[in-house]
Amino acid sequence: MNESFSGFLILGFSSLGSFRHHIFIILLLLYFLIITGNVTIALIVWVEPRLHTPMYMFAGMLSFLDICYTAVTIPQMLVIFWIGSVYIAFSGCLLQMYFFHSLGITENYLLTVMAYDRYIAICNPLRYSTIMTSKCCKRLIFVCCLCGFMSPVPKLILLTFLPFCGSNEIHHLFCDLSPLLHLACADTFLNVITDFAINSCIFFLTTTFIALTYLKIVITIIMMKSAEGRRKAFSTCAAHITVVLIFFGSVAFMYVRPQRVYAPEFDQLVTINYTILTPLLNPAVYSLRNKEIKKAIKKYLQLTGTRRR
């Protein structure tokens, strides 16, 4: 990078004019709902002993990741919608991109592990308690985090060697690889290939594993003799499948493609989907519909009300 090139000006939706203040209010409300929903799930799983099982520990970790994931980008997006733009130093831009990708990839791996958890619970229920122990659950979460935080390192290292010149304006909502490569004044072929290879490998390995896992789960459910058992198994899996489709669908549109294919308006719209809608829907779809979590929330609300009296 050129020493004189110290940072970037992030413009977001620069054509909105004063209408961006309306979007600011909507985004602020959505962010409040995201934090409230995910903090509630994470805390309730933490404090309620009955929820210290693998399925709920994974759900709590998913909520914790969504809290961190949105904290990396949404506060800056709020500033952009309020004042129109925000300046960020090159080092800050790299850090934002690193944590955004790391947390997103970790969530990718966690959703894959959650599919494996459902596979063991439905296809091998008698051995579930011996396979998915608390120790095993913690190890799987640690591996997800380790792989997630190591995966973006190569593309970030390559990015630091690129020279930037000319315009420093990023037409995006935060620092990401596509707009940064668009500003580079050198050949970015190696960056594009490396990024595409890493993203494709992660995406296709995890989606293939989840697809094969659910194929086996569906076959097992169909072979169940009890209609009640089939209904319960399907309802348990439906929430996870919904979250997977929302998350992986958005990520596929954005990152499993050569990063030279860059359309700012399209990218920003897709970005809103996976940075706001996915963390917003996760608590409602995956956790708040769960009877045990709802019971735990009701219990603690009643205890809080009793103490106030």
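Counting heavy atoms from C-beta on, the side chains of Pro154 and Leu158 never come closer than 4.5 Å. In this structure, Val244 and Thr112 have side chains that are not in contact, with every pair of non-hydrogen atoms separated by 4.5 Å or more. You'll find the side chain of Phe58 stays beyond 4.5 Å of the side chain of Leu111, heavy atoms only. Taking 4.5 Å as the limit, some side-chain heavy atom of Leu110 sits within range of a side-chain heavy atom of Leu65. Contact annotation: the side chain of Ile80 never approaches that of Leu11 to less than 4.5 Å [non-hydrogen atoms, C-beta and beyond]. Counting heavy atoms from C-beta on, the side chains of Leu280 and Asp66 never come closer than 4.5 Å. Taking 4.5 Å as the limit, every side-chain heavy atom of Thr70 sits out of range of all side-chain heavy atoms of Ile276. Two residues are said to be in side-chain contact when any heavy atoms from C-beta on lie closer than 4.5 Å; Lys155 and His101 meet this criterion.
Shortest non-hydrogen contact noted between Arg20 and Gly84 is NE-N, 3.3 Å. Closest heavy-atom contact between Tyr87 and Ala89: CE2-N, 4.1 Å. Annotation for Arg50 and Thr53: closest pair O-CG2, 4.0 Å, computed over non-hydrogen atoms. For Ile34 against Pro279, the heavy-atom pair with the smallest separation is CG2-CB, 4.0 Å.
Residue-environment remark: OH (Tyr214) exceeds the threshold of 12 foreign heavy atoms within 6.0 Å. Within 6.0 Å of CZ on Phe234 lie more than 12 heavy atoms contributed by other residues, nucleotides or ligands.
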* Taking it one step at a time, do Met61 and Cys145 satisfy side chain to side chain contact (heavy atoms under 4.5 Å, CB included)? -> CA-CA 10 Å; Met61 184 62 187; Cys145 293; 3.6 Å; yes

* Please report the C-alpha distance between Tyr31 and Thr36 in whole Å, then the side-chain angles of each, then the deciding distance to 0.1 Å, and finally whether the side chain to side chain donor-acceptor pair (under 3.5 Å) criterion is met. => CA-CA 8 Å; Tyr31 189 42; Thr36 303; over 6 Å; no

* Take Ile210 and Phe248 through the test side chain to side chain contact (heavy atoms under 4.5 Å, CB included) and record every step on the way to the result. => CA-CA 11 Å; Ile210 291 172; Phe248 281 88; 3.9 Å; yes

* When you look at Glu48 and Ile293, which way does the side chain to side chain contact (heavy atoms under 4.5 Å, CB included) test go after all the steps? -> CA-CA 9 Å; Glu48 178 55 57; Ile293 288 181; over 6 Å; no

* Derivation of the side chain to side chain contact (heavy atoms under 4.5 Å, CB included) call for Leu159 and Leu181 -> CA-CA 8 Å; Leu159 188 63; Leu181 293 183; 4.1 Å; yes

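Side chains of Asn191 and Asp195: a donor-acceptor N/O pair is absent below 3.5 angstrom, by distance only.
Rounding to the nearest 0.5 Å places CD1 of Ile26 at 9.5 Å from CZ of Phe81. One finds the CG atom of Leu78 at 11.0 Å from the CD1 atom of Ile25 (value rounded to the nearest 0.5 Å). Going from atom NE2 of His52 over to atom CE of Met57 covers 7.5 Å, rounded to the nearest 0.5 Å. A distance of 5.5 Å separates OG1 in Thr73 from CZ in Phe174, rounded to the nearest 0.5 Å. Summarising the geometry, atom CG belonging to Asn38 is positioned 11.0 Å from atom CG belonging to Leu43; distances are rounded to the nearest 0.5 Å. A distance of 5.5 Å separates CD1 in Ile41 from OG in Ser63, rounded to the nearest 0.5 Å.
Note on Leu28 and Val79: same hydrophobic cluster, where clusters join Ile, Leu, Val, Met, Phe, Trp and Tyr whose side-chain heavy atoms are under 4.5 Å apart, directly or indirectly. Linking ILVMFWY side-chain heavy atoms closer than 4.5 Å, directly or via other members, places Phe209 and Leu245 in a single hydrophobic cluster. Ile10 and Phe24 fall within a single hydrophobic cluster, where Ile, Leu, Val, Met, Phe, Trp and Tyr side chains are chained together by heavy-atom contacts under 4.5 Å. If you chain together hydrophobic residues whose side chains sit under 4.5 Å apart, Leu212 and Ile202 never meet in one group. Under a hydrophobic clustering in which Ile, Leu, Val, Met, Phe, Trp and Tyr are joined whenever their side-chain heavy atoms come within less than 4.5 Å, directly or via other members, Phe196 and Leu205 fall into different clusters.
Taking the six-membered ring for Trp, Phe164 and Phe8 have ring centres closer than 6.0 Å.
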Less than 3.5 Å apart, which donor and acceptor atoms pair up between the side chains of residues 124-133 and the rest of the protein, not counting sequence neighbours?
| unit_1 | atom_1 | unit_2 | atom_2 | d |
| --- | --- | --- | --- | --- |
| Tyr128 | OH | Asp117 | OD1 | 2.5 |
| Thr130 | OG1 | Arg127 | O | 2.8 |
| Thr133 | OG1 | Cys136 | N | 3.2 |

Let me have the donor-acceptor pairs involving side chains of residues 102-109, under 3.5 Å, with sequence neighbours excluded, atom names and distances please.
| unit_1 | atom_1 | unit_2 | atom_2 | d |
| --- | --- | --- | --- | --- |
| Ser102 | OG | Tyr98 | O | 2.7 |
| Thr106 | OG1 | Ser102 | O | 2.7 |
| Glu107 | OE2 | Asn282 | ND2 | 3.4 |
| Asn108 | OD1 | Thr206 | OG1 | 3.1 |

Ignoring hydrogens and angles, write down the donor-acceptor pairs under 3.5 Å from the side chains of residues 90-97, residues two or more places apart or on other chains.
| unit_1 | atom_1 | unit_2 | atom_2 | d |
| --- | --- | --- | --- | --- |
| Gln96 | OE1 | Cys175 | N | 2.9 |
| Gln96 | NE2 | Val72 | O | 3.1 |
| Gln96 | NE2 | Gln76 | OE1 | 3.2 |

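Side chain of His171 to main chain of Pro179: no donor-acceptor pair is present (N/O by atom type, distance under 3.5 Å, no hydrogens or angles). In this structure, the side chain of Arg118 does not engage the main chain of Cys237 through any donor-acceptor pair within 3.5 Å.
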